[in-house]
Each structure stands twice: as structure tokens, then as C-alpha cells.
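Here's the structure we're looking at; comments come further down.
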Amino acid sequence: MSNITNQSLSEILESIKSKKISSLELTQAYIKNIENAKKLNAFVTTTFDQALENAKKFDNKPNNEQLLSGVPLAVKDLFCTENVKTTAGSNILNNFVPSYESTVTKNLWNNGAFLLGKLNCDEFAMGSSNETSFFGNVINPVGDHLVPGGSSGGSSSALAADLTPATIGTDTGGSIRQPASFTGTVGLKPTYGLCSRWGIVAFASSLDQAGPMTKTVNDCSIMLEAMSGFDEKDSTSINKKKETYSKNLKDNIKGLKIGIPKEYRVDNMPKEIDELWEKGKKILKDLGAQLIDISLPHTKYALPTYYIVAPAEASSNLARYDGVRYGYRSQKGKDLIEMYENTRSEGFGDEVKRRILIGTYVLSSGYYDAYYLKAQKVRQLIKKDFDDSFTKVDAILTPSTPSSAFKIGEKTNDPVSMYLNDIFTVPVNLAGLPALSLPAGLDKQGYPLGLQLIGKALDEQKILNIGYAFEKNCGYKNEIKKWWS
Amino acid sequence: MSLDKEKIKHVAKLARISVDEAKVNSLTKDLNSIFKFIEQLNELNTDKVEPLTSILNQSLRSRKDEISDGKIREKILKNSPKKNEEFFCSSKGG
């Protein structure tokens, strides 16, 4: 029982069902872990009283028919939670208490889970290291000097440190997969439209997608099943039959064709990443998959495209923060315009302001064609690269990131070097595809490294199956020492 | 192209963000390095490419024009930094 929080979500669910542990005991165990892990700064808000109340309610009248029966979950603070402060890691939403629940979190609660707390993240999910949060940077449990990745850095840190049995993040350019890779956990960015965006603080609406972050691939399939589904309230939600990913999870991948894109071998990539990729290829080949060399010729243009499209969408999404209807308001300014300008200047951090300015510029009169329209055309080419490849292969294997977790402060003075961290994850968002990051090994410093499986649109089951087979044969063990408690 | 300080101040005005004079220099440097990076796209000829407007193979759904909620004025006003009875208040007055 003392080790319950080390276990996977599926093992925990089993223990609850068989009454080996009560929901209350489980919740108390996580609360204890969270209280001992303040150094990690993974939480912005905790909802312990509410969680204990919900746990007791479950124990009094257990319903074990649900996917997430009796399980407390912490979620990224980008999901609106009814009557619980939702900040998006920003000063401008520091006092915002939503009067509604996001569809995705509501789906989790409808499946038997309940809220444990809200997890720190980069401000408005803009960042790759969780260093842009108004609430301070989050520490990677792998080492006290390391970033946990971003923007879902509170989520990856809390999961790897056993502060929540599973969690959810959002991924606009890699914000689930990169932090998963940096902490030795599993992260899935689903197909655009599979999980509702309703009630998620918007960053870039054509790229944002919520997804699970878990300890195992099986857990990932359970969480995806619980959170996904059609939602009338999101006009880009895909209306299709709900899938039972966990029940259909299979480890037989014989005969599947795995594409290996040559463009993902980038300059100055550490040898270890290359070796990891080779190891991944060998594992899949030994399991009977067929490796096929492919080309995604416009890969190098994905990041520049992303840094036009995402800021453009962000600049219009973030126009809503005006200090009038909700959020922070500056007390300075002699008229309405000055109040807006001061509110936004004091309320947003530097990275968010940079991106709003980039977005405003690329959409402004006289520059729209040269930047925004150009980027939308290149986005078409990037999507076509994937469409062409998926006529030949079932899935694509790449590294998740070009390095392991970097040091806190290492990249904060150079925005472009920070952006380059998302070089392998961004193309997937531009093409709207699903991709799974799997822990695959350690570098020579002992820091986790991940591999990424990219699938066709709505082919989550296949990449989960490949990931499941990979996980069984990879021999990866996350051995994080609990130095913080 | 490069962005000068005046241009950046103009864009900041459009975005309704006041920029500290002390920060304009570092902001100019950062934005110029980002635009240099972005402008790699100019290597590509995209004359014959249609811009991508939707990543989904479906058009945006619209719902029926019917009232589906309402009578939630209190809820909506709850998070306002300044309100007066049933109104939001902007900067002065109230």
C-alpha cells in the first residue's frame, strides 16, 4: 500500500476495484506526496478538501463500471474548472474562477475521476521549458537543475514524481510530447478534433489539442478513451463513433510498415539521439515491422511556418484580455486605451508579449501576404508530405526531441534556440495528426529520451498498439530518486 | 527585412500593449532574430500552392440559431474587475 503511488493508473484502478485500497486512502497518499514535493512547484492550485470529499463519496457508493473509478487526477491549469481558479500560468488570469467546466475535464469526471489540483504550465502554453509561467518555473524530478519541458511542464513533473496517477496536457507544437520525453513518461497528442477544445484557454485554435500524459501506453489508451469524443460546443470537433482504445490494445505489429524520414536527422543532433532512434528501429523490426525510408521534404520549414501561424492565432485569441470582463486590470491610465495597454503590458509576460507582437505584425495590412498567407501555403506542403508518406506506411518513427532535458536558464535569453526544441514535434500539429512520445532510453547523464510515433489522422489505435509492443520490448525503467522530499 | 524601434512601437500600439522604453532595444533584437528565422520560408516558391485553410476534411459546423442558455448574468459578471449592478465598468466611472 505504501507504494501505491508508484504504480500505473491501470494497476491503481485494479486495486480500487478489488478493494485493496479505498479511494480515500489513495487520495490521501497523493496529497502526502504533493505536500512533500513543493520544491518541484508543479501545482498552481490544490483542491484537497474537494478531492477528499469526492473520494469519501466514491467509497460510500462505489461505481466500478467506469473507466476512471475513484481516481484523483491533477490537470494542466489551462483547462477551465468550474469554481476552481484557472490561470493558464498568467498574471492576467490570476484571479479568474470559471463558472463552467471544460468538456475534456467534464469527460474525466463523468468517467469516475475527480480533481486533485491544477498544474503549472508555461504562460498561455507558450514555452518549451515551463520557465514562462507567472507562478515560477517547475523543476524536473529527474534533476533539481533541469527543466521539465513545456508547456505542460507541471503535468510532466507531477506525473514523473508520483503526484498524480495520470494527467492531461495540451499540445500546440509539442507541449505534451516534449515534456513527456524530458521526464521519461508517455504523452499523446491526438488528431486535431478528437478531443474538444471547449473550455480550454485558447492559444492557437487550429493547432491546440488536449491529450493524455501517463506512465504507460495502456494508461494512455484509458485516458484517451475517457477524455475524447464529439462535442457540439466545439465547431472543429469530429463527429464519429467513440473508440474503446484500451480494450482494443494489441501488441502484435507484424507486417506493419514504419516510415523513417531522412529529414529528421538534423545538424548537430547528439549522437545519443541517433543511437536511440537506431535502437527503436531495431525493436520494431525484431517485432516483425517493416522499416521503409521516406522523405518529408518540407520538414525544415515547419518551425518557421509554426512561428507565423501560432502567433497570428494567439494575437487574435488573446485580444479578449482587456481588463473589463474578467482577469487582471491595471489601475494606471488616463483613458480606456491606456487602461488596455497597461493591463496587457502588466498582465502578460515577455514571451506572450513577443508572440502577440509577432502575430499582430504578420497579420497587419501590407504584411499579411508575405507572412501569414505564405505560411498557410507552406503548411499545405507540409501536410501533403505526410499525406504522400501515409500512402506507403502505417506510422512514422522519429526522435521526440533533439536533446534531453536542458538546464534551467540555459535557453531563456535566446528565443530561437528555445523554439528549435520543438523541431520534431511541430510538423505534426501543422498537419493535424496524432503522435505518441514514448520513453525509450537514457542519455549518458542518465536523463530520459523519447521516441515519437506519428500516425494517420484518427489512427490513434495503431500508434498506441505499436507503442504498446515497443514498451514491452524496450526495457526502459524510470528510476527517479525522490531527492525532493 | 528588419524591424526598427519605431515599427515595433507601432505594432505594440496595434496590439494594445504598452512597451517600456527600457525594453525596446532587447525586444527589437529578439524580434529581428525571430523574423530572420521565419524568413527562411522565402526560399520556397509557393506561387502555385493553395493556402491551407482547414486541417479537417470537414467544414465548420454551425448550430441552429436558438437560445440554448441564458439567465446567467450573475455568473458572467462574477469575474469582472469592476461592475455596477448589471454592467461591466470600463476604466473610469462606476
Side-chain angles (χ1 to χ4, degrees), chain A residues 95-97 99 192-193 206 232 235-236 238-239 298 300-301 303-305 307-308 315 319 322-329 333 335-342 344-345 348 353-354 356-361 364 371 373-381 383 414-416 419 430-432 457, chain B residues 1 3 7-8 10-20 23 26-27 29-31 33-63 68-69 72 74-83 88-92:
Chain A
N95 55 6
F96 178 61
V97 181
S99 57
Y192 182 78
S206 81
E232 271 203 339
S235 60
T236 58
I238 298 173
N239 194 352
H298 297 92
K300 99 174 237 219
Y301 299 106
L303 263 183
T305 301
Y307 276 96
I308 294 174
S315 75
D322 59 2
V324 174
R325 292 159 300 156
Y326 47 83
Y328 171 84
R329 172 191 289 197
D335 58 21
L336 184 62
I337 300 283
E338 280 193 8
M339 187 281 281
Y340 288 154
E341 290 177 341
N342 291 325
R344 291 164 63 77
S345 181
F348 292 134
K353 282 190 244 183
R354 261 201 295 270
I356 292 175
L357 294 179
I358 297 168
T360 305
Y361 182 66
S364 65
Y371 292 105
L373 194 67
K374 179 87 185 178
Q376 292 291 57
K377 288 180 170 186
V378 182
R379 189 174 178 186
Q380 187 80 273
L381 296 173
K383 182 174 181 292
D414 181 358
V416 174
Y419 297 170
L430 290 169
Chain B
M1 69 156 292
L3 285 159
K7 187 100 216 163
I8 285 170
H10 173 67
V11 173
K13 188 87 198 165
L14 292 176
R16 296 286 182 264
I17 292 176
S18 68
V19 179
D20 279 351
K23 279 193 171 176
S26 67
L27 190 61
K29 184 179 140 272
D30 286 344
L31 290 181
S33 80
I34 294 166
F35 274 93
K36 192 170 157 243
F37 178 70
I38 286 173
E39 283 165 4
Q40 285 179 71
L41 295 188
N42 295 335
E43 297 166 19
L44 283 172
N45 183 335
T46 52
D47 290 351
K48 288 184 182 141
V49 183
E50 279 296 307
L52 185 144
T53 49
S54 166
I55 204 69
L56 296 164
N57 295 320
Q58 64 180 44
S59 50
L60 287 184
R61 222 181 29 258
S62 48
R63 66 169 175 84
S68 57
D69 57 11
I72 50 170
E74 301 259 310
K75 276 187 173 185
I76 288 170
L77 283 167
K78 204 182 68 178
N79 278 292
S80 172
K82 204 170 181 189
K83 53 186 171 278
F88 293 115
C89 294
S90 61
S91 57
K92 291 269 159 132

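All heavy atoms count here, side chains included; hydrogens, waters and symmetry mates do not. These numbers were taken from a predicted model, which means no experiment stands behind them. Every chain is numbered from 1, with letters handed out A, B, ... down the list of sequences.
- A salt bridge links A:E341 and B:K13; the closest N-O separation between the charged side-chain nitrogens and carboxylate oxygens is under 4.0 Å.
- Residue B:L31 holds its CG atom at 6.0 Å from CG of A:L357, rounded to the nearest 0.5 Å.
- Of the two parts of B:L41, the backbone and the side chain both hold a non-hydrogen atom closer than 4.5 Å to a non-hydrogen atom of chain A.
- When each of A:Y326, A:Y301, A:F348 is checked for heavy-atom pairs under 4.5 Å with chain B, A:Y301 comes out on top.
- For B:L60, the parts sitting under 4.5 Å from any heavy atom of chain A are the backbone and the side chain alike.
- Taking chain B as the reference chain and counting heavy-atom pairs below 4.5 Å, the highest number among A:I356, A:I308, A:I358, A:N342 is found for A:I358.
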*Stepwise side-chain contact (heavy atoms from CB on, under 4.5 Å) check, B:I17 with A:T360*: CA-CA 11 Å; B:I17 292 176; A:T360 305; over 6 Å; no
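- B:P81 places none of its side-chain heavy atoms less than 4.5 Å from the side chain of A:Y328.
- For A:L430, the part sitting under 4.5 Å from any heavy atom of chain B is the backbone (N, CA, C, O) and nothing else.
- Of the listed residues B:N79, B:V19, B:L14, the one with more heavy-atom pairs under 4.5 angstrom with chain A than any other is B:N79.
- No other option in A:N95, A:N239, A:V324 has as many heavy-atom pairs under 4.5 Å with chain B as A:V324.
- Contact count versus chain B (heavy atoms, under 4.5 Å) is highest, among A:L373, A:D322, A:L336, A:D414, for A:L336.
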*Please step through side-chain contact (heavy atoms from CB on, under 4.5 Å) for the pair A:R354 and B:L27, ending with a clear verdict.*
CA-CA 8 Å; A:R354 261 201 295 270; B:L27 190 61; 3.8 Å; yes
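- Of the listed residues (A:H298, A:R325, A:M339), the one with the most heavy-atom contacts under 4.5 Å to chain B is A:R325.
- Counting only distance, with no hydrogens or angles, the side chain of A:R379 and the backbone of B:I55 share no donor-acceptor pair below 3.5 Å.
- Contact annotation for A:S315: neither backbone nor side-chain heavy atoms come within less than 4.5 Å of a heavy atom of chain B.
- Counting only distance, with no hydrogens or angles, the side chain of A:R329 and the backbone of B:S80 share no donor-acceptor pair below 3.5 Å.
- For chain B, the nearby part of A:V416 is the side chain; its heavy atoms alone come within less than 4.5 Å.
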*Quick one: do B:L3 and A:Y361 satisfy side-chain contact (heavy atoms from CB on, under 4.5 Å)? Show the steps, please.*
CA-CA 10 Å; B:L3 285 159; A:Y361 182 66; 3.6 Å; yes
*Kindly determine whether B:E39 and A:Y371 satisfy side-chain contact (heavy atoms from CB on, under 4.5 Å), including the steps that lead there.*
CA-CA 8 Å; B:E39 283 165 4; A:Y371 292 105; 2.6 Å; yes
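- The number of heavy-atom neighbours closer than 6.0 Å to CD of B:Q40, taken from other residues, nucleotides and ligands shown, is above 12.
- If you measure heavy-atom distances from B:R63 to chain A, you find no contacts under 4.5 Å at all.
- Ranked by heavy-atom pairs under 4.5 Å with chain A, the first of B:K75, B:H10, B:R16 is B:R16.
- One finds the CD atom of B:E43 at 4.0 Å from the NZ atom of A:K300 (value rounded to the nearest 0.5 Å).
- Remark: side-chain polar atoms of A:S206 are not paired, donor with acceptor, to backbone N or O of B:S54 under 3.5 angstrom.
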Quick one: side chains of residues 44-53 of chain B, donor-acceptor pairs under 3.5 Å with protein atoms, not counting sequence neighbours, listed by atom name and distance.
{"residue": "B:N45", "atom": "OD1", "partner": "B:D47", "partner atom": "N", "Å": "2.9"}
{"residue": "B:T46", "atom": "OG1", "partner": "A:K374", "partner atom": "NZ", "Å": "3.1"}

